[in-house]
Amino acid sequence: MQAEEKMTYEKWPAAPEKSTLEAKNKFLGFWLFLGGETTLFASLFATYLALKDKVPSADAALAKDLFDLPLTFVATMLLLTSSLTSVYAMYHMKNFAFKKMMVWLGLTVLLGLGFLGTEVYEFSHYVHTYKHTFTSSAFGSAFYTLVGFHGAHVAFGLCWILSLMIRNSKRGLSLYNAPKFYVASLYWHFIDVVWVFIFTVVYLMGMVG
Amino acid sequence: MSTIAQKKGFGGTIWDFLTTVDHKKIAILYLIAGGFFFVVGGLEAVFIRVQLAVPNNDFVSAGAFNQIITMHGTTMIFLAAMPLLFAFMNAVMPLQIGARDVAFPFVNALGFWLFFFGGIFLNLSWFLGGAPDAGWTSYASLAIHSKGHGVDFYVLGLQIAGLGTLIGGINFLVTIINMRAPGMTYMRMPLFTWSTFVASAMILFAFPPLTVGLTLMMFDRLFGANFFEVAMGGNTVIWEHLFWIFGHPEVYILILPAFGIFSEIFAIFSRKRLFGYSSMVFATVLIGFLGFMVWAHHMFTTGLGPVANAIFAVATMAIGVPTGIKIFNWLFTMWGGSVKFTTPMYYAFGFIPSFVCGGVTGIMVATAAADYQYHDTYFVVAHFHYVIVGGVVLAILAATHLWWPKMFGTMLNETLGKITFWFFFIGFHLTFFIQHFLGLWGMPRRVFTYLPGQGFDFSNLISSVGAAFMSIGVLVLLYNIIMTSVKNVKVGNDPWGDGRTLEWSIPSPPPFYNFKQLPLVRGLDAFWLEKMAGKKGMTPAEPLGDIHMPNASFIPFMISLGLFIAAFGAMYHKNHAWGLPVIILGLLVTFGSMFLRSVKDDHGFHIHKEDLVEDNEKGAKA
């Protein structure tokens, strides 16, 4: 099948994200890339665990002083829901329902922005209330690097999905852009999975462990 | 667009290479850049041996010596060995599996330019206040206290180059999984393709820890973080772990393609199917797997405790088993074969005893208790040079001679090739064999000089003479390359006459679309099978049709240039007000180029059937 071909609902294949060779390559290559990203985050998690609560003086804030479960709960809900909305978006993509896909992607972006907002608020709260900064201790460096790397991934994902939406807003779905939407949503799920681990390892284990 | 290559001016050729996404041209770029850095790293090695030739020498200062050894190691591993292997992977692997290009031609070009700008950035340190001086391992306890910007160059330069390697690895993996010609099953893939496959998988999982390690070091040195600052709660052992979780797989990333190259050579020039093909594949995969389980054997003296040391010692020794399988398979390939002594075969012959020496000392240093004696002595220097030079460098030199005709359409001179071999091989053993004993006699590594009368004088002189021999060998190779390029005697598809795999079934150099019709693969050593069946070439698996090709692009160059600019900003932002704007500018160039790539449709183009037929009549030259 040609990537440039004008598509209709009848011609739309069952798996538009991998119906050309380019798309198959993109699909597999992106999965492999996520494998590499997994080791990247694993290294950051290991660093965080080694440096958790390692501070220069006794009056510095530790994990159990900092974290606040209600706020983390809100952030988690926002991000997990955004993963669900991106699933709906891909469902509509597979059914050649461009407008519905765009609506659900738009919701995904809004929820992602909400998550980023809570994260910005959270970081500024730690900095101003607890003097817990990137440079104040090894714990601070490790915390902001791990959670910040994730936040940067979220920000990049938002820019990516928005660019795709704006670029394709007028021309609908094709076999050329379907895999692009699909890998962007894969990336979004990956970010979500990483957050599940951050929630567990950083926040839950920080409060109770 | 026509398929017929047009005459271009010099500027046109340069632009062609700056924008190319053709795996064969990218291979040439890797070969030139990697070759250049190999010469730079070699010069640094010569400086080291001149300084150590006699006791109490003052050829270079102690500080300069630290910079030279750091840059020698870093350059040789990251900027010479890796790209030279990438050159052959790019040049040969797609041909061996019967593909028209790699899966992501654009990403392939991006990988090269990232490596190139990272390497240039790292080497600019020589002119901008001093090179990194904390050793190629750059242990944090040394590195975060290193004065000047040397280590910053290391951190930023390797970060950029490492990204290039990572995406290159992903690209090769997808190419091998998705782009094999009809009939090319996994267990019919040539061993060089198999080793590229496993090495790429290792790159995928080994480079991200390095990325993280370098990022942490960058944050510590340039942005005030405290990962390795013990007074602030930091821990320098984290660097050691991250570095070696990358670093140990890295040596297998280097040696596995070398094994692949020699496997091809033994089969071609013994004119016999590789002995134990399946066990070779098994051993390659097993080495790739075990390679991730042994990193702490570099840290026996760090104090991880006897349990950790014992586990890592045993795991390390286990790697000797699959490696031994390979050595015997190569020997049995030659056994009963009709061996032809060409230059690549000389290297393959020299490789076996050299590499086995390195393997034996490897088992010695893997013995945790004994390693306390060997650690940080010249014994270790001798060990890793026996595996890296005796394995990887010999393989690169062998591959250069083997695939030169496929890449450039002309043979290297065989007599000069053998002269290169003898100088290099004798020089190599002269340089490094004695270093085992220097180490056992107590000479520590990384010292810039030594006192006379400790029994080190004569041995060090021998070692330095060996370095001169190796240099002569490399000079002869360069002369060989220039001379044969000037003469430029064209060769046919299969210049060695005994080619077994698909790359030998198409013209040298291949047309830019590689295969006019994808070949039908009917077994291991696909081309050899057809020759034995009395056919001239491969049976096509498809009718002649239009070929889809990717467009050239300048964007990979710009993405890499942006990171190069941003790296300067990051390095100087603490002391100069222009640092931050430069970081932003550089990142804007990078992300802007990525954005452009994302929004600009790039469907590639088609070569039409009629043009292919025309090419056919003209003798398929491109």
Side-chain angles (χ1 to χ4, degrees), chain A residues 2-4 18 20-22 24-48 50-57 60 133-142 144-146 148-149 156 159-160 163-164 166-168 171 174 176-177 180 184, chain B residues 99-100 102-105 107 166-167 169-175 177-179 200-201 203-213 215-216 219-220 223-235 237-239 241-242 245-246 292 548 550 591 594-595 598-604 606:
Chain A
Q2 293 291 327
E4 299 97 320
K18 41 182 180 180
T20 63
L21 178 62
E22 283 76 18
K24 274 192 200 104
N25 288 344
K26 194 171 276 185
F27 180 80
L28 178 64
F30 202 79
W31 268 108
L32 292 172
F33 169 74
L34 292 182
E37 287 260 273
T38 307
T39 27
L40 182 115
F41 275 103
S43 307
L44 288 172
F45 274 109
T47 307
Y48 174 79
L51 296 178
K52 186 189 164 203
D53 290 344
K54 295 288 190 300
V55 288
S57 60
T133 69
F134 184 63
T135 54
S136 67
S137 65
F139 173 44
S141 304
Y144 286 109
T145 302
L146 172 60
F149 248 74
F156 184 85
C159 294
W160 184 4
S163 312
L164 281 178
I166 295 167
R167 173 69 183 94
N168 295 297
R171 56 182 192 171
S174 68
Y176 180 69
N177 61 25
K180 291 186 174 213
Chain B
R100 294 217 167 92
V102 290
F104 307 110
V107 170
L166 177 66
I167 59 178
I170 295 176
N171 197 358
F172 289 143
L173 280 173
V174 178
T175 306
I177 296 172
N178 274 359
M179 312 264 290
S200 301
I203 287 173
L204 177 60
F205 294 111
F207 269 72
L210 176 73
T211 305
V212 170
T215 306
L216 303 187
F219 282 168
D220 261 23
F223 297 95
N226 298 302
F227 291 101
F228 308 123
E229 205 67 67
V230 178
M232 301 294 281
N235 185 343
V237 180
I238 292 173
W239 168 270
H241 278 296
L242 288 175
I245 288 172
F246 148 77
F292 281 97
H548 183 237
F591 285 108
M594 284 166 70
F595 179 74
S598 177
V599 298
K600 212 180 100 200
D601 283 4
D602 183 2
H603 294 298
H606 284 88

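From a predicted model like this one, the values you see are computed outputs, not experimental measurements. Reminder, nothing fancy here: chain letters follow the sequence lines and each chain counts from 1.
At a 4.5 Å heavy-atom cutoff, the contact between Ala103(B) and chain A is made by backbone and side-chain atoms alike. Residue contact with chain A, scored on non-hydrogen atoms closer than 4.5 Å, involves the side chain of Thr215(B) exclusively. Neither the backbone nor the side chain of His241(B) comes within less than 4.5 Å of any heavy atom of chain A. Interface remark: Ile167(B) contributes no atoms to any contact with chain A (heavy atom separation under 4.5 Å). Heavy-atom distances place the side chain of Phe591(B), and not its backbone, under 4.5 Å from chain A. Contact of Phe595(B) with chain A is made through the side chain alone, with heavy-atom distances under 4.5 Å. With a 4.5 Å cut-off on non-hydrogen atoms, Phe41(A) does not touch chain B at all. Using a 4.5 Å cut-off between heavy atoms, Asp220(B) does not touch chain A at all. Heavy atoms of Phe33(A) lying under 4.5 Å from chain B belong to its backbone as well as its side chain. Proximity to chain A involves both the backbone and the side chain of Leu204(B), based on heavy atoms less than 4.5 angstrom apart.
Of all non-hydrogen atoms in Tyr176(A) and Lys600(B), the two that sit nearest each other are OH-O, 4.1 Å. When all heavy atoms of Val174(B) and Gly29(A) are compared, the pair lying nearest together is CG2-CA, 3.4 Å. For the residue pair Met594(B) and Phe156(A), the shortest heavy atom distance occurs at CE-CZ, 4.1 Å. Here the closest heavy-atom approach between residue Gly36(A) and residue Pro208(B) is recorded as O-CG, 3.3 Å. Between Met232(B) and Ser136(A), the closest heavy-atom pair is CE-O, 3.1 Å. Closest approach of Pro56(A) to Ala231(B), counting heavy atoms only: CB-O, 3.5 Å.
Under the rule for a salt bridge (charged side-chain N to carboxylate O under 4.0 Å, His left out), the partners of Asp602(B) that lie at least two apart in sequence or sit in another chain are Arg597(B).
Here the side chains of Asp601(B) and Arg171(A) are in contact, with some heavy-atom distance below 4.5 Å. Taking 4.5 Å as the limit, some side-chain heavy atom of Leu21(A) sits within range of a side-chain heavy atom of Met179(B).
Tested against Leu40(A) for a side-chain contact (heavy atoms from CB on, under 4.5 Å), the candidates Thr211(B), Leu166(B), Leu210(B) yield a single pass: Thr211(B).
Comparing Phe227(B), Phe219(B), Phe207(B) by heavy-atom pairs within less than 4.5 Å of chain A, the highest count is held by Phe227(B).
Screening residues 25-46 of chain A for side-chain hydrogen bond (donor to acceptor under 3.5 Å, both in side chains), with sequence neighbours left out, gives Asn25(A)-Asn178(B), Glu37(A)-His153(A).
Between the side chain of Lys54(A) and the backbone N or O of Val230(B), no donor-acceptor pair lies under 3.5 Å.
A distance of 7.5 Å separates CZ in Phe205(B) from CG in Leu32(A), rounded to the nearest 0.5 Å. The CZ atom of Phe104(B) lies 7.0 Å from the CG atom of Leu28(A); values are rounded to the nearest 0.5 Å. In this structure, Phe223(B) CZ and Ser141(A) OG are separated by 13.0 Å, a value rounded to the nearest 0.5 Å.
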Check the pair Asn226(B) / Phe134(A) against side chain to side chain contact (heavy atoms under 4.5 Å, CB included), numbers first and verdict last. CA-CA 8 Å; Asn226(B) 298 302; Phe134(A) 184 63; over 6 Å; no
